[in-house]
Protein chains: 2
Amino acid sequence: MPTIRDVAKRAGVGIATVSRVLNGSSQVRESTRQRVLDAIADLNYSPNQAARRLSSGKTFTIGVVSPFFTFPSFVERLTGIQDVLDESEYDLVLYSIRSTEQLQRRLRILIGENRVDGLIVLSLPFSERDLRTLKPDFPIVTVDNSPAWHYPSVVIDDVAGGALATRYLIEHGHRALGFVGDRTDSVFRFTSTERRLEGFRNALTEAGLEFRETWCWQGEHSQEAARQAAWRILQQPNRPSAIFAAMDTLAFGVLQAVREMGMRVPEDVAVIGFDDIAAAGYVNLTTVSQHLVESGRIAAQRMLDWLRSGEIERTPVQLPLKIVERATV
Amino acid sequence: MPTIRDVAKRAGVGIATVSRVLNGSSQVRESTRQRVLDAIADLNYSPNQAARRLSSGKTFTIGVVSPFFTFPSFVERLTGIQDVLDESEYDLVLYSIRSTEQLQRRLRILIGENRVDGLIVLSLPFSERDLRTLKPDFPIVTVDNSPAWHYPSVVIDDVAGGALATRYLIEHGHRALGFVGDRTDSVFRFTSTERRLEGFRNALTEAGLEFRETWCWQGEHSQEAARQAAWRILQQPNRPSAIFAAMDTLAFGVLQAVREMGMRVPEDVAVIGFDDIAAAGYVNLTTVSQHLVESGRIAAQRMLDWLRSGEIERTPVQLPLKIVERATV
DNA sequence: TCCCAAGATGGAAACGTTTCCAAGCGCCGT
DNA sequence: ACGGCGCTTGGAAACGTTTCCATCTTGGGA
């Protein structure tokens, strides 16, 4: 492999000049630049990344830290991030996390070892203070975390979203509403379901409707669990006419149960989800879109801005929510 | 940030010894090792990756090259890769590709610049010879490419898979079979649909059944296109009683059309897909599983083996296919 | 024609590891 | 008591860039 020294020799210049050409410095005469470029082409040279990184102290790498990478929503966010990073000079490295303790350790290592220039953290609450003492202004952008952070963030208003979905059902004539959601995760402490439920209750109260424990369920985050829950809820003689599922994946379980029970959607039971993952389109699920892909795109863009300008724009970006009307309400 | 020199000083040893401890060399006395470990802990030291990489000539990084990251199947493969890499000392870097020319260029750069120790290429045909002249034994593992490669690969038998799905329909009493698939991609030249169609025709011939052009369609890879195609196919007075969709995403479009037309699945029209992406479970689609996640896992494992042992196991791994019986046949 | 500022250029240090090689040390056998 | 061997250890070179700083050019104004 040719090195920068070979290029310098071939072009008849010093290595500093080659480096300047490589990095687009304007301090190089056009004729010299051309000679260097020719030499580079002749030798089929490309700079060694490890050396660049060591010398410049930058890694040209952005890390994405996400919970164990299995929910569709993370994947869609990742897609958005990938989209914008792909156009930049930064590499995208993926780190997946299995527990909150592991998260904190991982973050410290990533920052300490200088493995990445910046970190995008998806949906994972972490100790901000701990990190700040380590390196006060290490670039971190969070997505789907509390907006009260020291770091830039991209968020949605889950309470408003829950209310939005609920009101939509009410507007469509439903008066008996059920709720299906997962339980606050013991490992990661995701709390969006709680907040969506809060919105659900608010909207019910607002409309003078009753919140019934027996029409609601919270449990494991899986389609199967949601399916069984829906069975239980809908078997009651006095059953709800519509169900709000706190996430699309759960809504799929509900739909499955409804069909198994020989009822029709939306005539017998209406179902609305939350997230608008791609699969929601496949099954024609009416749901609340939270612009997942866009959230990733924005996060990546903010990271890039920060890295390039050195300036931090701390105000959180709050993404709008909207009902996607499809066939289940 | 403390460096290896600080650790050495604190522990009262030479930097070489610290390095040996860091890299688990057995040539260090236990008491010394302990002293070094203590110093590391005291200083909260972690080695600088860029320096390691430069000095050792390894990047501790594996690149995954995939087509523009939007089909569920790539994501699922990626999940498998992530799974196993996560347990290793290697980082996973994501590269997405928009065209075949870009692919070849990307590969050359990645290999030339020493940015990764190995590359896993998903579903993308590339010029093997070109790369081999560049660096003869650069570690590359391919997934879902032709098995005729010089490099280790993970593949499936699409022809057999097409036949498998078709025979399954026939066994369930269907005699009039339709086919919906995408057209060979102009950008990437994915050919699996063609091969699955070949299997379809083979199975038809084998069973003495007729292949009808008017029951078949090939076009754009999208749910919407598939939906429209299914409408056209099923509106004919003489319509097929079952449809084989070459990919699950297309099958979703077909299902949508069937429901829109007021017909029932599987009573009026049976549908079988191919791939078994996660969303297939959501909608209860009967399909051919090609073990997507597993394919990623195996590819990553083979890469790791290669990197660690230095030995290349060239025989392709062919994953089995199996029918996943759900509710649409 | 001369001088000076701004623009180009080159040399060398610095980045923080790994690893080669030489040397120190303790222990064993004779 | 001595020589030698093997296990430990340390110093220093090497990895290939970027960048500071000094030096050399060049062009324009007086």
Side-chain angles (χ1 to χ4, degrees), chain A residues 1-40 43-61 89 91 109-117 135, chain B residues 1-40 43-61 89 91 109 111-117:
Chain A
M1 285 269 104
T3 75
I4 200 173
R5 233 164 283 272
D6 300 322
V7 175
K9 196 180 297 173
R10 173 138 193 154
V13 299
I15 57 167
T17 302
V18 177
S19 175
R20 276 187 280 261
V21 171
L22 250 22
N23 295 289
S25 159
S26 55
Q27 297 286 79
V28 180
R29 196 185 319 179
E30 188 48 36
S31 61
T32 314
R33 162 190 305 281
Q34 216 27 262
R35 270 220 313 290
V36 171
L37 256 21
D38 289 347
I40 288 175
L43 295 172
N44 200 357
Y45 163 82
S46 49
N48 177 302
Q49 286 301 312
R52 291 193 83 187
R53 291 173 184 191
L54 175 58
S55 185
S56 69
K58 297 179 57 183
T59 65
F60 305 101
T61 284
E89 72 268 29
D91 274 353
I109 292 175
L110 289 175
I111 296 175
E113 285 184 352
N114 269 107
R115 287 165 83 109
V116 294
D117 290 340
K135 277 193 188 177
Chain B
M1 285 269 103
T3 75
I4 198 173
R5 232 165 284 271
D6 300 321
V7 175
K9 197 179 297 172
R10 172 140 194 152
V13 300
I15 57 166
T17 303
V18 177
S19 175
R20 276 186 281 260
V21 171
L22 251 22
N23 294 287
S25 158
S26 56
Q27 297 287 78
V28 181
R29 197 184 320 177
E30 187 49 35
S31 61
T32 313
R33 161 189 305 282
Q34 216 28 263
R35 270 218 315 290
V36 171
L37 256 22
D38 290 347
I40 289 175
L43 296 172
N44 201 356
Y45 162 83
S46 50
N48 176 303
Q49 286 303 310
R52 291 192 84 187
R53 292 174 183 189
L54 175 57
S55 186
S56 70
K58 297 179 58 184
T59 65
F60 305 102
T61 283
E89 71 269 27
D91 274 353
I109 292 175
I111 296 175
E113 284 184 353
N114 269 106
R115 286 166 82 110
V116 294
D117 289 341

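None of these values were measured; they are calculated from a predicted model.
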Heavy atoms, side chains only, cut-off 4.5 Å: are [X] and [Y] in contact?
X	Y	answer
B/Thr3	B/Ile15	no
B/Ser46	A/Ile109	no
B/Val36	B/Tyr45	no
A/Arg53	A/Thr61	yes
B/Thr32	B/Val21	no

Has the side chain of [X] got a donor or acceptor atom that lies under 3.5 Å from a matching backbone atom of [Y]?
X	Y	answer
A/Arg35	A/Ala11	yes
B/Asn48	B/Ala50	yes
A/Ser56	A/Arg52	yes

**OP:** Would you kindly give the CZ-to-P distance between A/Arg5 and C/dG10, to the nearest whole Å?
**Re:**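 From A/Arg5 CZ to C/dG10 P: 14 Å.
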**OP:** Scan residues 47-61 of chain B against DNA chain D and write down, sorted by residue number, each residue with any heavy atom closer than 4.0 Å; if none is found, say none.
**Re:**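 Only B/Leu54, B/Ser55 qualify.
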Original post:
On DNA chain D, which is the earliest and which the latest nucleotide, 5' to 3', with an atom closer than 4.0 Å to a heavy atom of chain A?
Top reply: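 Contact span on the strand: D/dG16 to D/dT19.
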Original post:
According to a strict under-4.0 Å criterion, is A/Arg29 in side-chain N/O contact with OP1 or OP2 of C/dG7?
Top reply: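 The answer is no; no side-chain N or O of A/Arg29 sits under 4.0 Å from OP1 or OP2.
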Original post:
5'-most contact on DNA chain C: B/Pro2 or A/Gln27, nearest heavy atom basis?
Top reply: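 Comparing both residues, the 5'-ward one is A/Gln27.
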**OP:** Indicate, with a heavy-atom threshold strictly under 4.0 Å, whether B/Ser19 touches base, sugar-phosphate, or nothing.
**Re:**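 B/Ser19: base contact, heavy atoms under 4.0 Å.
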**OP:** Using heavy atoms to find the nearest nucleotide of DNA chain D for A/Ile4 and A/Arg20 separately, return the residue whose nucleotide is more 5′.
**Re:**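 In this pair, the answer is A/Ile4.
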